[in-house]
Number of protein chains: 2
Amino acid sequence: MALSHAILALLVLRPMSGYDLAKAFEASVGCFWKATHQQIYRELGKLEEQGWIEAEAIAQTGRPDKKLYRLTGLGLTHLTTWVAEPCEVMPIKEELLIKVFVGGLVPRPVIRQQIEQHRHQHQQTLDRYQRLEAADFSDPRALTPGAKFGYLTLRRGIRYEIDCIAWCNEVLQTIEEMPED
Amino acid sequence: MALSHAILALLVLRPMSGYDLAKAFEASVGCFWKATHQQIYRELGKLEEQGWIEAEAIAQTGRPDKKLYRLTGLGLTHLTTWVAEPCEVMPIKEELLIKVFVGGLVPRPVIRQQIEQHRHQHQQTLDRYQRLEAADFSDPRALTPGAKFGYLTLRRGIRYEIDCIAWCNEVLQTIEEMPED
DNA sequence: TCGCCCATGTAATAAGTTACATGATTCG
DNA sequence: CGAATCATGTAACTTATTACATGGGCGA
């Protein structure tokens, strides 16, 4: 059910179309939730049924018409109530770790290559996050309270990527120190 | 499809029943994958159909009979082939971050309490991991190559929990420094 | 005697992924 | 002229969650 709340959370910022939401997921909320456009459109339908959001059809010239969704009072109440409810820590699911777990079954270069590739991906994500940090949050003290919370979620993403990279380095060092097969 | 590989990876260690696997998920592999017993039993059926594992019925007295599953040669080949295939970084999904994202909508104690609760959960998980570390990997240099890979996955879990706790502290400090509502 | 451990499963629902489908505009 | 952007959706399928269901043994 958290996808619906992620959508409601984005609609707090401003009314958006499904398309806008899909982009917003990739850009801002992406460091802690992701969704494809198919999921988003399906979910928007449900949210509207429940009265948490309402749609306004916008006719456009030169590009497809769109539906702008905005949060209703009911939706806002629902969201803030949900925020106060206790929630569980969500488990990690990391395919790479299954591969490392059975690393002893394959020649070491196989694992080394996988780790290097992942480290590279994490580095790219980190770069992107740090560009966002520089662009939107260059002076954290000057932020409004609302924006400060946004910054904290980005901080989480940055920390996470840094930690992934550090772990990759730990793995690479360990396998270099291993005796040859 | 990664659940099936997690199961195959565990069966490399030794033949296990569905029940054993469920416990093994909680104990060892839990820091990077989780599965309920319902998922496991369903998946075992599929794996057997494909010939990657085979079952041996074990009649027991005083307790229910069980099925011991062991990896087949085909299963092992499948697993090692899969290990060498490239894989994507898996996204984080963290409900708590959605709540922090809209933290500006609720009184600060609400967020503070959520963060404190999460920090506590992460601390408990970290304690558990560190007990495992002390018990099974007290001298990392003396490990066999196979066990070393197991240790690296546990290291990932430990690092992750430490980082979560550090981020929680960052959030708590930030909200303490905020002006009153 | 109450609840936990062992041991296996079914059924229903929710959530997520992948493929398919359309169609104009704008930029290189 | 081809590719990307804007904009919406359906259908089929795979995964994951939750609830239900059974039943003996064993320790406090």
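Chain naming here is simple, since letters A, B, ... match the order of the sequence lines and numbering starts at 1 in each.
- Atom-to-atom, CD1 of A:Ile40 to C1' of C:dT17 comes out at 14 Å; the value is rounded to the nearest Å.
- The side chain of B:Lys34 contributes no N or O atom lying less than 4.0 Å from OP1 or OP2 of D:dA16.
- The neighbour count for B:Gln50 CD, taken as heavy atoms of other residues, nucleotides or ligands under 6.0 Å away, is above 12.
- Closest to the A:Lys46 side chain, of the nucleotides C:dA15, C:dT17, D:dG9, is C:dA15.
- Atom P of nucleotide D:dT22 and atom NE2 of B:His37 are separated by 14 Å, given to the nearest angstrom.
- In terms of position on DNA chain C, the residue among A:Ala35 and B:Asp65 whose nearest nucleotide sits closer to the 5' end is B:Asp65.
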Only pairs under 3.5 Å count here: list side-chain donor-acceptor contacts from residues 1-14 of chain A, not counting sequence neighbours, and write none if there are none.
| residue | atom | partner | partner atom | Å |
| --- | --- | --- | --- | --- |
| A:Ser4 | OG | A:Met1 | O | 2.5 |
| A:His5 | ND1 | A:Met1 | O | 3.0 |
| A:His5 | NE2 | A:His78 | NE2 | 3.1 |

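- Between the CG atom of B:Leu21 and the P atom of C:dG9 there is a distance of 12 Å, rounded to whole Å.
- As a whole-Å value, the separation of B:Glu48 CD from C:dG9 C1' is 14 Å.
- If you find the closest nucleotide of DNA chain D to A:Lys67 and to B:Met1, the one lying nearer the 5' end belongs to A:Lys67.
- The side chain of A:Lys93 approaches D:dA16 more closely than any other nucleotide in the set D:dT18, D:dA7, D:dA16.
- The CD-P distance, from B:Glu43 to C:dT10, rounds to 14 Å in whole Å.
- Among the atoms of the strands shown, base atoms are found under 4.0 Å from some heavy atom of B:Gln38.
- The phosphate of D:dC6 has OP1 or OP2 within less than 4.0 Å of a side-chain N or O from A:Tyr19.
- Straight-line distance from the CE atom of B:Met90 to the C1' atom of D:dT15: 11 Å, rounded to whole Å.
- Side-chain nitrogen and oxygen atoms of A:Ser17 include at least one within less than 4.0 Å of the OP1 or OP2 phosphate oxygen of D:dT8.
- Note on A:Tyr41: every side-chain N or O is 4.0 Å or more away from OP1 and OP2 of D:dG9.
- With distances taken from any side-chain atom of A:Gln39 to the nucleotides D:dA16, D:dA7, C:dG16, the minimum falls on C:dG16.
- Each of D:dT17, D:dA16, C:dC6 was ranked by its minimum atom distance to the side chain of B:Leu3; first place goes to D:dA16.
- When distances run from any side-chain atom of A:Trp33 to the nucleotides C:dG16, C:dA7, D:dG9, the shortest one goes to C:dG16.
- One can place NZ of A:Lys66 at 24 Å from P of C:dT22, the figure rounded to the nearest angstrom.
- The pair B:Glu176-B:Arg108 does not count as a salt bridge, with every side-chain nitrogen at least 4.0 angstrom from each carboxylate oxygen.
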Distance-only criterion, 3.5 Å: show the donor-acceptor pairs between side-chain atoms of residues 128-140 of chain B and protein atoms not counting sequence neighbours.
| residue | atom | partner | partner atom | Å |
| --- | --- | --- | --- | --- |
| B:Glu133 | OE2 | B:Tyr151 | OH | 2.7 |
| B:Asp139 | OD1 | B:Arg141 | N | 3.4 |

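- Atom CZ of A:Arg42 is separated from atom C1' of D:dA7 by 18 Å (rounded to the nearest Å).
- Between A:Glu170 and B:Arg155 there is a salt bridge, since a side-chain N of the basic residue sits under 4.0 Å from a carboxylate O of the acidic one.
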